[in-house]
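All values derive from a computational prediction rather than experimental measurement. So you know, we letter chains A, B, ... as the sequences are listed, proteins then strands, and number each from 1.
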Amino acid sequence: MQNRPNALPAADGPSASITARALGALRRDSDGYLDGLNPEQRLAVETTEGPILVLAGAGTGKTRVLTTRIAHLISTGRARPFDILAVTFTNKAAREMKHRIGTLIGPAGEGMPWLGTFHAIGTKILRRHAELVGLKSDFTILGTDDQLRLMKQVLADQNIDEKRWPARSLSHLIDGWKNRGLTPDQVPPGEATSFAFGKGGALYTAYQARLATLNAVDFGDLLLLCLKLWRDNTDILESYQDRFRYILVDEYQDTNVAQYLWLRLLAQKRKNVACVGDDDQSIYGWRGAEVDNILRFEHDFPGATVVRLERNYRSTGHILAAASGLIAKNESRLGKTLRTEDEPGEPVTVTGAWDSEEEARLLAEAIESLQSKKHPLSEIAVLVRISAQMREIEDRFVQLGLPYRVIGGPRFYERAEIRDALAYLRVTMNVSDDLAFERIVNTPKRGLGDATLQQLHTFGRAERVPLLVAARRLCETDELKPKVRQTLRALTESFSRWARLVESQPHSEVAQTILEESGYTEMWQKDRSADAAGRLENLKEFVRSMEEFPDMAAFLEHVSLVMEASEAEGAERVSLMTLHAAKGLEFDTVFLPGWEDGLFPNQRALDESGRAGLEEERRLAHVGLTRARKRAKLSFAVNRRIHGLWSSTIPSRFIDELPAASVDVVEAPAHYSAGASRFDRNPQPFGSSYGTPGWQRAQERTQERTNANSGGRGFGASPGRRGVSSGPRQIEGELIAKSTGTPSAFSEGQRVFHTKFGPGNVAAVDGNKLTVDFDKAGRKMVLESFVQPA
DNA sequence: ATCAACGCGTTTTTT
DNA sequence: ACGCGTTGAT
């Protein structure tokens, strides 16, 4: 261990004098914020000088260390709030940190101007020096959708077939380069040729040029342009190096190369950089995170102190043992062993189900049983590998009337109506926001179609003016048809009027006016589809949320960086989310369904990234297990529908990797059971027995304990055939009826549901065509395959 | 302009 | 299977 207390002379000159530290110690005692830290945590807080890596295992008090460290720096007088740079990945994490610092040292922590996400801080820096990287300081930040639209334009400009070379791929490619800190001229020649017959690099250049003319940046640029700024202007770099006396980084294992370079440039001079993270929780490799950054820390920052936080304050012994045993199978890790002083608690359970539907049912039943034992639903979570698993589980919850909420669903600001509303505001605030203008020029429909837009583009490009200005000018000419000219003039005049309104009225009222006068609200009011009401609701919430900001510009800035919904908390509900969304959360009871090879570990991760992919999947499993305080319940299904096809699956290899002593195999209720062999990892008929790995031994152990009958052998039914062992259930009848496809499954007067038109009654049947009177949409002729019996 | 039919992709998700 | 965006017919 190279950990040493910071009793050695501080390399940093007189600022850390003995008296200063003695005074600090004095204040420290009175504040008492160090009380209750364990020795490792304390070391992590008090080692203020020089590079330090804090390896904080799950539930070891990571955030506490981070916030206490900041409090310590401030209250010992080593730094003032604005001397500290503290970066996080998500706005949520930044908010939480601000809040906790506030409770720790009171209002003194309020003014931490440099606590925020990489992107927020990058934005702040770029706005100050925009002209040095070819921007104006009021540049717009493009979201993913704008980025894609721009990408399409670039491809069209270069006459590249978008079918063959989709904009999405190009977007990925360029994002990948930006994640690695590469500007167009730095892209390795071999890679630049990999898209559209060698045009990859040229397209990147063209895309950047388009961004520049729009005075816009994408998310990657927020970091990349900082790098450029600092490399080209050493004096500015130095001013930031001096400004940030202490640097703290949260979730260091999630940093990508660009972020690493960004940090390294800033930390180079003072080297007071504290990175907190956990290599065992690195689960974002697929979006550019480099586990290597954390694995290489000691190499990158020679003489770094490494502190391991291994005492877990969250989970019981069995849960921790299961998680530790599993993660120990990974080779690329720095190595930590979590320990707890908590009791062993309940073993982790493993349950096999015949199919995913039975799995969902067992899961819901287990939750109901917990509920009846007075376990709060808010302390129960279901964590799935992929979102597609959610549907069946939700169906079950809905049937049982179990209240649940999905965490990390479609984000508020990504909803179409919100993006439309934002586009109106953006154009109002900035006439040259062409992308926003294009989005709403014909929303609601005003008869301004492609042809008109094309004209605007041509004119705008020729005159080098934004689309809105082009529209204004074109209205002065005779080049437009009278009708088009009139609507277009009305629109441009509206925007001018709204822009003036911004000067004189509260911004949320202006927004309200814009939405009404533009006909946007009306568009949704007229819309009879099922979700229109929800959209109007969202718009209302959107306008309301603006009031929290001083002005329109501040609001737009916030929105472009913060893509989160403010969801009502605290309701008594089960939480349902992906494993990724669960990072950082904890619950008393955690259900982990779908532990099957191919699903988890995910086949695609395996195919694309091989061993590294498997290890990342294993880390994901580790993250899942360590979310649980008291109970972790794994399950798998032996049959699952994948892309619509039923296929048989085998239990996840991760199950075998769990330490048997901490795992209980739980039988599904008897009437569904086809015998113990349901758990065979090789579910061919008459189960050819390949190895009989550890977890079956665990099963035997349980069987002894529960005296269960283990008489079965093989499946008795071919894997594809359903319903043999799962008992009579109505759902299956329905499925069979659907798949056998009788010609006239519907009859007059029947109640049906159409995905677009909602519920209605069948008025007439004609072969596979139905005439339906919909409750909201009126009488329509629809194909049978578009409706379901309701 | 609207709606049905066709085709495609389909892990995870933040900023 | 399913949900999407795009195409093609009215």
Side-chain angles (χ1 to χ4, degrees), chain A residues 87-94 116-123 141-144 147-148 152 162-163 166-169 175 178-179 217-224 251 254-256 258-259 282-289 383-392 407-411 413-414 416 442 444-450 558-564 577-584 594 598-609 613 616-617 619-620 623-624 640-647 735 738-739 754-757 768-769 777 780-783 785-786 788:
Chain A
V87 277
T88 63
F89 273 85
T90 63
N91 294 293
K92 197 174 148 208
T117 63
F118 276 100
H119 299 268
I121 290 167
T123 307
I141 301 163
L142 264 39
T144 329
Q147 201 187 335
L148 212 59
K152 281 183 181 160
E162 226 241 277
K163 284 274 149 56
R168 289 184 65 88
S169 315
D175 278 348
K178 290 189 173 179
N179 282 339
V217 299
D218 63 21
F219 285 119
D221 287 337
L222 293 174
L223 298 165
L224 196 57
E251 307 278 18
D254 289 338
T255 49
N256 61 34
Q259 286 155 342
S282 165
I283 55 175
Y284 287 111
W286 50 271
R287 65 177 195 216
L383 312 184
V384 296
R385 177 62 183 79
I386 62 170
S387 308
Q389 284 172 264
M390 288 186 188
R391 214 199 50 139
E392 267 182 309
I407 313 263
R411 259 145 286 286
Y413 292 115
E414 283 169 16
N442 202 28
K445 302 263 186 295
R446 342 181 136 83
L448 300 173
D450 279 350
H558 166 83
V559 164
S560 54
L561 288 169
V562 181
M563 296 296 231
E564 284 173 67
M577 70 195 91
T578 64
L579 285 161
H580 284 89
K583 195 165 87 157
L599 180 61
F600 189 36
N602 188 268
Q603 191 57 49
R604 192 135 158 188
L606 262 36
D607 292 344
E608 278 170 20
S609 319
E616 182 154 314
E617 294 287 298
R619 291 194 289 267
L620 203 46
V623 166
R640 184 177 296 274
R641 210 171 356 187
I642 298 164
H643 304 319
L645 295 171
W646 283 98
S647 33
L735 281 176
K738 232 187 258 174
S739 61
H754 185 282
T755 33
K756 186 152 185 199
F757 302 123
N768 63 345
K769 289 196 191 83
K780 301 252 183 214
M781 183 92 103
V782 292
L783 274 188
S785 54
F786 284 85
Q788 297 157 340

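- Side-chain contact between Leu561(A) and Thr123(A) is present, with heavy atoms from C-beta onward closer than 4.5 Å.
- Both geometric conditions, a ring-centre gap below 5.5 Å and a plane tilt below 30°, are not fulfilled together for Phe89(A) over the base of dT15(B).
- Between the side chain of Arg385(A) and the base of dT12(B), at least one donor-acceptor pair of N or O atoms lies under 3.5 Å.
- Contact of Trp286(A) with dT12(B) (side chain to base): a donor-acceptor pair of N or O atoms is detected under 3.5 Å.
- Note on Arg604(A): a side-chain N or O is less than 4.0 Å away from OP1 or OP2 of dT10(B).
- Below 30°, between 30° and 60°, or above 60°: for His580(A) and Trp286(A) the angle between ring planes is above 60°, a perpendicular geometry.
- In this structure, the salt bridge (charged side-chain N to carboxylate O under 4.0 Å, His left out) partners of Glu616(A), at least two apart in sequence or on a different chain, are Arg619(A).
- In this model, the phosphate group of dT12(B) is approached by a side-chain N or O of Ser387(A) to a distance below 4.0 Å at OP1 or OP2.
- In this structure, Gly447(A) reaches the sugar-phosphate backbone alone: every heavy-atom distance under 4.0 Å involves primed, P, OP1 or OP2 atoms, never a base.
- Nucleotide dA9(C) forms a Watson-Crick or G-U wobble pair with dT2(B), both donor-acceptor distances falling under 3.5 Å.
- Going from atom NE2 of His119(A) over to atom C1' of dT15(B) covers 4 Å, rounded to whole Å.
- For the pair Glu392(A) and Arg641(A), the salt-bridge criterion is not met [side-chain N within less than 4.0 Å of a carboxylate O].
- In this structure, Glu251(A) reaches neither bases nor backbone, as no heavy-atom distance under 4.0 Å exists between it and the strands shown.
- The side chain of Thr144(A) contributes no N or O atom lying less than 4.0 Å from OP1 or OP2 of dT15(B).
- Atom CG of Asn602(A) and atom C1' of dT10(B) are 11 Å apart (whole Å).
- Close to dT6(C), at under 4.0 Å from its OP1 or OP2, lies a side-chain N or O of Lys152(A).
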